[in-house]
Amino acid sequence: WDRPYEAEMVKWGTALHDQFMMPYYVVQDLKGVLGDLAGWGYPVDFRWFAPHYEFRFPRYGEVNLDTVHLEVRGALEPWHVLGEESTAGGQSRYVDSSLERMQVRLQGWQEERYRLVCNGWVVPLKHTSTNGEVIGGVRYRAWQPPSALHPNIKTHDPLHFDIYDTWSGRSLAGCTYHVSHPGGRANEARPVNAVAAESRRLARFEQRGHQAGAFEPRTAPIHPHFPHTLDLRWASAVDSQR
């Protein structure tokens with residue numbers, strides 16, 4: 001009331017569905033808000049939100065290669081409400097929950113030598129304010145329900161990540177993420193607490209599975225509206241047109 005907010009608003013456009021889907025940029029934005037609150041006389045410690053961050057953006061796993069550290073975390077993914085369909089009980093509108101997104105964060109990265117590859121496709125990486133740190137997003141089809149957008153695109157499970165060495169033309173390390181339990185185990189009950197949920201996530205992550213032998217990764221054109229994200233549906237469409 002005494003000091004109204006008079007700064008110009010930012011038109012983020014499609015960045016809201018690109019970089020702000022990833023936890024790194026969400027945290028940076030939250031820190032900016034908390035800084036404004038502190039300047040107005042309302043100090044709020046960011047550490048109070050650490051449990052919320054870990055709950056909403058769980059860590060799937062991490063891999064180390066010499067000085068390179070790869071971290072894989074869950075990210076946000078908006079689900080679209082589809083049109084009306086006739087069902088046994090009348091009209092209903094399904095939600096396309098088949099898509100998921102994750103964030104890859106690399107520290108100690110050498111872009112002159114390495115490439116991060118997901119299922120054979122190069123992941124677009126953006127530098128952060130920290131030297132040697134890059135961020136990228138991967139959007140993929142996790143499930144294939146009967147009602148969904150692009151029903152002819154198959155699932156991309158599992159996701160194989162490779163730290164590709166351009167000098168030798170080989171993958172030096174990598175990991176594998178499974179949407180469901182790799183052994184086919186199905187849990188009938190919800191996890192009783194956060195520890196049980198974390199154990200289920202860790203069971204779906206393997207510090208192995210990178211491609212053996214020499215190969216050449218494929219590069220999809222950078223989407224003009226989503227430059228921070230590798231959309232495997234978009235990459236598959238580009239590959240089918242070649």
Side-chain angles (χ1 to χ4, degrees), residues 9-33 53 56-60 70-83 94-107 109 111 114-130 133-145 147-164 174-175 177 179 216-242:
M9 303 297 291
V10 178
K11 296 182 179 179
W12 292 107
T14 57
L16 295 175
H17 292 87
D18 182 33
Q19 66 184 85
F20 285 107
M21 294 288 102
M22 291 183 283
Y24 175 82
Y25 297 101
V26 173
V27 166
Q28 296 304 314
D29 186 59
L30 176 59
K31 289 181 177 179
V33 174
Y53 172 76
R56 189 59 191 89
F57 305 109
R59 177 165 48 193
Y60 295 151
L70 168 63
E71 180 196 60
V72 181
R73 278 188 181 271
L76 301 175
E77 179 58 42
W79 290 342
H80 300 282
V81 179
L82 306 179
Y94 291 95
V95 175
D96 183 6
S97 59
S98 63
L99 298 180
E100 293 183 8
R101 190 184 310 231
M102 64 171 54
Q103 172 190 275
V104 290
R105 182 177 182 179
L106 294 127
Q107 296 173 318
W109 189 246
E111 61 178 352
Y114 299 122
R115 299 290 184 272
L116 182 66
V117 180
C118 177
N119 285 12
W121 295 92
V122 177
V123 179
L125 301 173
K126 302 296 182 181
H127 286 276
T128 68
S129 58
T130 303
E133 182 181 65
V134 290
I135 298 289
V138 178
R139 192 184 192 194
Y140 59 98
R141 166 148 283 168
W143 316 95
Q144 197 167 19
S147 295
L149 297 174
H150 310 103
N152 293 329
I153 298 180
K154 305 296 183 182
T155 59
H156 302 108
D157 177 56
L159 297 181
H160 298 285
F161 289 95
D162 294 277
I163 300 179
Y164 180 78
C175 57
Y177 172 75
V179 174
E216 185 69 27
R218 295 171 289 179
T219 303
I222 300 297
H223 197 291
H225 301 302
F226 310 104
H228 294 76
T229 306
L230 169 65
D231 193 332
L232 291 178
R233 301 175 308 158
W234 170 266
S236 301
V238 173
D239 192 35
S240 62
Q241 296 174 1
R242 294 178 177 177

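Below, each value reflects all heavy atoms present in this structure, side chains not excepted, and no hydrogens, waters or symmetry copies.
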Using the rule given for side chain to side chain donor-acceptor pair (under 3.5 Å), can you reason through Thr155 versus Gln144, listing the C-alpha separation, both sets of side-chain angles and the distance that settles it, and then say yes or no? CA-CA 6 Å; Thr155 59; Gln144 197 167 19; 5.4 Å; no
Given side chains that start at C-beta, do those of Leu82 and Val95 come closer than 4.5 Å, heavy atoms only? no
When you compare the side chains of Asp18 and His228, does any donor N or O come within less than 3.5 Å of an acceptor on the partner? yes
Tell me which donor-acceptor pairs under 3.5 Å the side chains of residues 23-33 have, and how far apart each pair is, sequence neighbours excluded?
none

Would the distance check show the side chain of Arg105 and the main-chain N or O of Ile135 forming a donor-acceptor pair, the cut-off being under 3.5 Å? no
Parallel under 30°, tilted from 30 to 60°, perpendicular over 60°: which one fits the rings of Trp12 and Phe20? perpendicular
Can you list the residues that meet the side-chain hydrogen bond (donor to acceptor under 3.5 Å, both in side chains) rule with Asp96, with sequence neighbours excluded? Ser98
Rounded to the nearest 0.5 Å, how far does CD of Glu77 lie from CE of Met102? 11.5 Å
When you measure from the side chain of Thr128 to the backbone N and O of Thr130, does any donor-acceptor pair fall under 3.5 Å? yes
Just by distance, do the side chain of His223 and the backbone of His225 share a donor-acceptor pair under 3.5 Å? yes
Test item: Leu159 and Tyr140 side chains (from C-beta on) under 4.5 Å apart, heavy atoms: yes
4.5 Å side-chain heavy-atom contact, Leu116 and Asp162: no
Worked verdict on Val123 versus Val117 for side-chain contact (heavy atoms from CB on, under 4.5 Å): CA-CA 6 Å; Val123 179; Val117 180; over 6 Å; no
Trp79 side chain to Leu99 backbone, donor-acceptor under 3.5 Å: yes
With sequence neighbours excluded, what pairs up with Glu71 under the salt bridge (Lys or Arg N to Asp or Glu O under 4.0 Å) test? Arg59, Arg73
For the pair His156 (side chain) and Arg141 (backbone), establish whether a donor and an acceptor sit closer than 3.5 Å, ignoring hydrogens and angles. yes
